[in-house]
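Notes follow once the structure below has been shown.
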Amino acid sequence: MNTEIPSPSHRRPLSLDRFLFGACYYPEHWDAETRREDAERMAAAGFNTVRMAEFAAEHIEPEPGKFTFELFDETIARLGRHGIDTILGTPTAAPPRWLTLAHPDAVGVNADGVPMQHGSRQHMSMSHSAFREYSRTVTRAMADHFADNPYVIGWQTDNEFNCGFSEDHSPAAQSDFQVFLRERYADDITALNQAWGTVFWAQTYQRFEDIPTPRNRRPGFPNPGHQLDYARFLDWRVTRFQREQVEILRAANPQWFVFHNGCFAHIDFRGPFIRDLDFLGYDSYPLFDKNSETRPHSHAFNLDRARAWSGNFIIPELQSGPGGQPAYFHDNPEPGEMRKMTYASIAHGADGILYFRWRTCRFGAEEYWCGLLDHDNIPRRRLKEAEAVGRELKDLGPRLLGTHVQVTVAVAAADFTALEAQATQTFGTPGLSNYAETLHRWFHREGLETGCVHPADNLDGIGLYMIPHWEVVDPDWVPHLRAFVEAGGTLLLSARCGTRNADNQVIAETPPGCLADLAGVRVVEYSRRNRPEDRPWVAEWEGVSHTAEQWVEILEPAEGTEVLARWTTRHAAGLPALTRARHGKGSVLYAGMGLSQNWVEDFGPLLRDLAGVHPPLPDLPAGVEIVRRESADRRFWFLINHSDHPAALAGLPASARNHIGSDPEQGTLCLAPSDVAVLEENPV
Ligand code: GAL
């Protein structure tokens with residue numbers, strides 16, 4: 001499916017030939033007797049796909065070069081006979097013990113200088129030649145073996161790169177970092193010294209081979225340019241590691257799709273890493289948010305942020321029971337909750353769902369990570385709920401393919417450089433993702449179709465676009481943002497936007513630098529608000545007062561820029577705090593203050609009204625989520641009741657039919673607690 005992969009965009013649908021539905025399956029964990037009924041049971045649950053083998057390295061290659069595929073051949077064939085295809089994983093997240101015995105130095109080393117060891121997973125260094133060689137060998141052996149297997153449809157690379165352990169300061173990583181830098185700076189050490197500003201604290205390097213990986217507090221703070229390039233190096237090397245696998249897989253069978261699961265640190269999911277793949281897999285564990293009231297919002301945000309990287313995705317792992325590892329254990333999803341999490345995932349862009357996991361394992365570090373089946377292999381309500389979803393998705397799933405999620409209010413949440421640069425010096429303020437989530441939560445709670453979108457992405461249909469505190473803004477995005485505004489959009493910029501460049505250096509121009517003309521302001525003074533209640537800075541906008549948090553700025557408006565809010569306190573009293581510059585049919589607002597929870601509670605209604613954005617259903621009952629997916633000829637309304645009460649909905653398209661429950665009557669529908677409706681309007 002992969003010859004022409006369209007560029008990443010939040011509106012990019014997947015070109016799968018089916019809606020994937022199934023589970024993660026680990027036949028190597030069970031004896032034949034326990035596995036006996038698995039294929040029948042999966043088929044009865046409506047499964048069409050399983051994922052296997054991503055942790056089966058030692059089963060597949062018990063000794064170097066000696067491969068055994070019988071168990072997987074037999075399992076894949078048996079599942080195939082039941083109409084279930086297989087996605088395989090390259091098993092490099094947990095290689096066999098013989099690899100570390102032969103190459104004890106091939107492990108990663110953490111920032112404290114401690115080498116990782118065999119005994120859990122992800123302990124290897126992706127910079128070490130022996131590990132790369134191992135990765136290519138096992139991938140090639142598996143790819144060649146399964147190339148003509150009609151039931152193998154695609155591959156997952158590794159498993160959740162950079163989850164848990166993402167840095168590496170091993171000797172192999174040190175020299176690999178130097179290779180990366182040499183490439184990045186085209187062998188010009190002066191260019192590197194300038195980019196990092198190494199004149200500060202006598203850090204000037206004469207040769208690339210003298211440059212160490214940066215470690216925090218050894219003893220002081222590393223150079224921010226050095227740190228940002230180290231993050232780029234980690235992305236570069238994981239991309240290289242993955243590409244070596246992808247090339248082997250594509251050569252063996254170009255019909256296979258290839259993806260990776262997970263969105264973890266130090267990977268640019270809009271860059272070459274994702275462009276080598278057909279699509280992204282996002283593993284979703286909503287119960288990590290232990291608060292049932294905030295969970296629908298955090299779940300929605302996480303899915304929207306995943307979609308912002310490259311478009312629709314699959315969920316190779318969706319939580320199907322409580323999860324537990326030594327330090328925590330989640331609540332068991334109540335009846336209906338798993339189904340609800342499934343439809344929320346689909347609503348926000350999933351074109352495939354595999355539950356994690358088929359059966360709960362009785363041993364190992366995750367012996368309490370519950371699957372659809374309990375330890376005793378007796379089918380109970382979690383499997384029954386999956387069966388019900390499987391029945392519903394049989395017709396609905398294929399109809400959803402080709403549709404994208406409708407977004408009216410968007411927040412910038414996903415850019416590698418912006419996120420990595422801010423993380424090098426947060427000054428104790430929330431991370432950029434936290435700011436994005438705070439804004440997203442408020443608008444999502446208000447019933448608006450809220451999403452996450454990158455500033456260079458397609459902004460069609462968006463009425464309000466917010467960029468919360470992105471210090472690194474690429475000047476190339478500015479004309480695109482201007483066009484969005486001129487066409488009628490409202491853009492909200494905020495304190496510190498555009499203040500650093502791609503080298504993580506502070507810009508020489510007055511902030512907001514490349515955004516200054518668009519915003520119609522210059523920032524003439526700024527301060528961190530460490531204790532907002534102490535000497536408060538209060539801004540007033542149309543009679544609403546807000547005590548600023550995190551950051552404050554004093555703005556100097558350009559001619560023609562309106563002042564919407566002024567400071568009313570301290571030495572800033574009477575000076576501009578929030579401005580509006582009009583361009584074409586739209587406006588750019590610049591808020592010289594932190595976009596905190598209180599900010600959006602105070603000013604969110606004014607911002608929403610100024611932008612003129614509306615929810616698709618005006619009187620959405622509290623706790624009900626609405627998301628729409630559409631294509632040129634059809635539109636789906638996902639209505640999800642997250643509350644503990646029945647919810648009466650009105651104003652729905654009267655002719656729409658509900659794929660998974662009763663149809664609306666004269667535009668009204670009642671949803672029981674945890675129930676979901678998926679209405680189809682066709683044609684739109
Ligand atoms: C995921 C991981 C799985 C399993 C699961 C439950 O992050 O990919 O292998 O560990 O979490 O902890």
Side-chain angles (χ1 to χ4, degrees), residues 6-16 19-20 263 269-270 274 279-282 284 286 296-315 318 340-353 393 396-414 436-437 439-441 443-454 457-466 613-617 620 624-640 642 653 656 659 676-682 684:
S7 296
S9 163
H10 74 109
R11 291 167 70 131
R12 180 176 78 165
L14 300 191
S15 46
L16 288 168
F19 189 96
L20 306 176
C263 287
F269 290 100
R270 283 178 65 81
I274 200 72
F279 50 83
L280 183 66
Y282 173 68
S284 184
H297 306 294
S298 57
H299 191 200
F301 174 74
N302 288 332
L303 296 161
D304 285 345
R305 189 181 41 182
R307 199 180 69 254
W309 290 114
S310 64
N312 284 6
F313 47 86
I314 66 161
I315 302 219
L318 175 60
K340 193 171 71 173
M341 296 190 303
T342 307
Y343 282 110
S345 307
I346 298 171
H348 288 272
D351 282 345
I353 300 280
L393 283 177
L396 171 61
R399 293 225 28 92
L400 292 167
L401 296 176
T403 62
H404 67 263
V405 181
Q406 174 68 35
V407 177
T408 306
V409 173
V411 58
E437 183 167 1
L439 296 171
H440 183 283
R441 184 169 52 233
F443 286 95
H444 184 243
R445 190 176 282 155
E446 290 291 299
L448 282 134
E449 292 172 294
T450 310
C452 300
V453 179
H454 187 275
D457 203 341
N458 184 336
L459 299 171
D460 288 355
I462 294 169
L464 171 62
Y465 185 47
M466 300 171 280
V613 285
H614 305 286
L617 278 188
L620 198 66
V624 176
E625 178 176 16
I626 178 165
V627 189
R628 295 188 296 180
R629 280 181 66 156
E630 64 180 26
S631 62
D633 64 346
R634 52 189 184 274
R635 180 186 286 142
F636 295 88
W637 297 57
F638 289 77
L639 298 150
I640 308 170
H642 294 287
H659 275 271
V676 182
V678 183
L679 310 184
E680 179 172 353
E681 259 186 284
N682 184 14
V684 246

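Just so we're clear, the structure is a prediction, and the values are computed from it rather than from any experiment.
Atom CD of E680 is separated from atom OG1 of T403 by 9.5 Å, given to the nearest 0.5 angstrom. Between atom CG of residue L448 and atom CG of residue L620 there is a gap of 10.0 Å, rounded to the nearest 0.5 Å. Between I274 atom CD1 and W309 atom CH2 the span is 10.0 Å, to the nearest 0.5 Å. Note: L679 CG to R635 CZ = 12.0 Å, rounded to the nearest 0.5 Å.
V676 has its side chain out of reach of T342: every pair of non-hydrogen atoms, C-beta onward, lies at least 4.5 Å apart. When side chains are defined from C-beta on, M466 counts as touching V409, because their heavy atoms get closer than 4.5 Å. Looking at I346 and R629, their side chains come closer than 4.5 Å, going by heavy atoms from C-beta outward.
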- Would you check, one step at a time, whether the test side-chain contact (heavy atoms from CB on, under 4.5 Å) holds for V411 with F443? CA-CA 10 Å; V411 58; F443 286 95; over 6 Å; no

- Criterion side-chain contact (heavy atoms from CB on, under 4.5 Å) on L401 and N312, from CA distance to verdict: CA-CA 10 Å; L401 296 176; N312 284 6; over 6 Å; no

- Task: Give the intermediate values and the outcome of side-chain contact (heavy atoms from CB on, under 4.5 Å) for residues F19 and L396.
- Result: CA-CA 9 Å; F19 189 96; L396 171 61; over 6 Å; no

- Start with the C-alpha gap between L617 and V624, add the side-chain angles, then the distance that decides, and say whether side-chain contact (heavy atoms from CB on, under 4.5 Å) holds. CA-CA 11 Å; L617 278 188; V624 176; over 6 Å; no

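Every residue two or more places apart in sequence or in another chain that forms a salt bridge (charged side-chain N to carboxylate O under 4.0 Å, His left out) with R307 is listed here: D304. Residues meeting the side-chain contact (heavy atoms from CB on, under 4.5 Å) test with H444, sequence neighbours left out: H297, A300, H348, H440, T450, E625. Among residues two or more places apart in sequence or in another chain, the side chain to side chain donor-acceptor pair (under 3.5 Å) test is passed with S284 by H299. Residues forming a side chain to side chain donor-acceptor pair (under 3.5 Å) with D457 (at least two apart in sequence, or on another chain): S9. Listed by chain and residue number, R11, N458 satisfy the side-chain contact (heavy atoms from CB on, under 4.5 Å) test with D460 (two or more places apart in sequence, or in another chain). In this structure, R445 has no salt bridge (charged side-chain N to carboxylate O under 4.0 Å, His left out) partners at least two apart in sequence or on a different chain. Partners of H454 by ring pair (Phe, Tyr, Trp, His ring centres under 6.0 Å), not counting sequence neighbours, listed by chain and number: W477. Looking at residues two or more places apart in sequence or on another chain, you find a side-chain contact (heavy atoms from CB on, under 4.5 Å) between E449 and Q406, T408, P616, R628. Every residue meeting the side chain to side chain donor-acceptor pair (under 3.5 Å) condition with Y343, not counting sequence neighbours, appears here in chain and number order: E392. In this structure P653 satisfies the side-chain contact (heavy atoms from CB on, under 4.5 Å) test together with W637, A656, E681, sequence neighbours excluded.
S310 and F269 make their closest contact through CB-O, 4.2 Å (heavy atoms, listed as atom of the first residue, atom of the second, distance). Here the closest heavy-atom approach between residue Y465 and residue A412 is recorded as OH-CB, 3.4 Å. Of all the heavy atoms in V453 and L459, the pair that sits closest is CG1-CD2, 3.7 Å. Heavy atoms only, all atoms of each residue included: F313 and S345 are closest at CZ-O, 4.4 Å. Scanning both residues, P286 and M341, for their nearest heavy atoms gives CG-SD, 3.5 Å. Minimum heavy-atom separation, I640 to K340: CG2-CG, 3.4 Å.
Of the possible polar contacts, none joining the R399 side chain to the R634 backbone as a donor-acceptor pair under 3.5 Å is found.
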